[in-house]
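These notes are about the structure you will find just below.
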Amino acid sequence: QVQLAESGGGLVQAGGSLRLSCAASGRTFSNYAMGWFRQAPGKEREFVSAIRWTGGSTDYADSVKGRFTISRDNAKNTVYLQMNSLKPEDTAVYYCAAKSVVYYSALRSGYDYWGQGTQVTVSS
């Protein structure tokens, strides 16, 4: 059973930075993709970023491109989301997700496993 545990959320001022972590366990993730999603109050959950565990190719939502960076540490089975130049509109609960992929799999949807989420609040 895949388990995902997020950490690193908190309160930060606009323009600040946070790094989210997602520790994955329960299986070998070499054929998996890991994604970050977020859900703000009253809004639908939206894709933020994703990375293929093997190869490391990445994808970003336009709203975070150039400000957020996704990365992975294979030895620790951990995925990170470095968030810089944060804006109040980045305030949301951020979720880590995982899914099995093949080379042509899209990275923005179809995730099977989800973490509990971590709150990120950006004050103006």
Check whether any side-chain heavy atom of W53 sits under 4.5 Å from a side-chain heavy atom of V101, and report yes or no. no
Using modelled atom types and a 3.5 Å cut-off, is there a donor and acceptor pairing between side-chain atoms of R52 and backbone atoms of V102? yes
With distance as the sole criterion, is a donor-acceptor pair present between the side chains of S100 and N31 under 3.5 Å? no
Any D112 side-chain heavy atom under 4.5 Å of V2 side chain: no
Any side-chain heavy-atom pair from I51 and W36 closer than 4.5 angstrom? no
So how far is it from N74 CG to F29 CZ, rounded to the nearest 0.5 Å? 11.5 Å
Interatomic spacing from NZ in K99 to CH2 in W114 - rounded to 0.5 Å: 10.0 Å
Joint hydrophobic cluster, L4 plus V93, side-chain heavy atoms closer than 4.5 Å: no
Check for a donor-acceptor pair, side chain of S49 on one end and backbone N or O of D59 on the other, with a separation under 3.5 Å. yes
Looking only at atom types and distance, does a side-chain atom of Y60 sit under 3.5 Å from a main-chain N or O of I70, one as donor and one as acceptor? yes
Donor-acceptor under 3.5 Å (T58 side chain, A50 main chain): no
Can you tell me how far the CZ atom of R27 sits from the CD atom of Q3, to the nearest 0.5 Å? 13.5 Å
Do D90 and R38 come within less than 4.5 Å of each other through their side chains, counting heavy atoms only? yes
Using only heavy-atom distances, determine whether the side chains of Y80 and R19 contain a donor-acceptor pair under 3.5 Å. no
Give a yes or no answer on whether the side chain of R67 reaches the backbone of S85 with a donor-acceptor pair at less than 3.5 Å. yes
Tightest non-hydrogen contact, residues S21 and T78, listed as CB-CG2, 4.2 Å
For the residue pair M34 and C96, establish whether any side-chain heavy-atom pair is separated by less than 4.5 Å. yes
Under a plain distance cut-off of 3.5 Å, with no hydrogens placed, do T121 and Q119 share a side-chain donor-acceptor pair? yes
Does S63 reach the main-chain N or O of A61 with its side chain, forming a donor-acceptor pair under 3.5 Å? no
Considering only NZ, NE, NH1 and NH2 on the basic side and carboxylate oxygens on the acidic side, decide whether D62 and K65 come within less than 4.0 Å. yes
Give the C-alpha distance, both sets of side-chain angles, the deciding distance and a yes or no for ring-ring contact (aromatic ring centres under 6.0 Å, His included) between Y95 and F37. CA-CA 5 Å; Y95 297 92; F37 292 75; 8.8 Å; no
Do the side chain of E6 and the main chain of T118 share a donor and acceptor less than 3.5 angstrom apart? no
Using modelled atom types only, decide if a donor and an acceptor are shared between the side chain of Y32 and the backbone of T28 within a distance under 3.5 Å. no
Rounded to the nearest 0.5 Å, how far does CD of Q116 lie from OG of S7? 13.0 Å
How long is the gap from CG on N84 to CZ on F68, to the nearest 0.5 Å? 8.5 Å
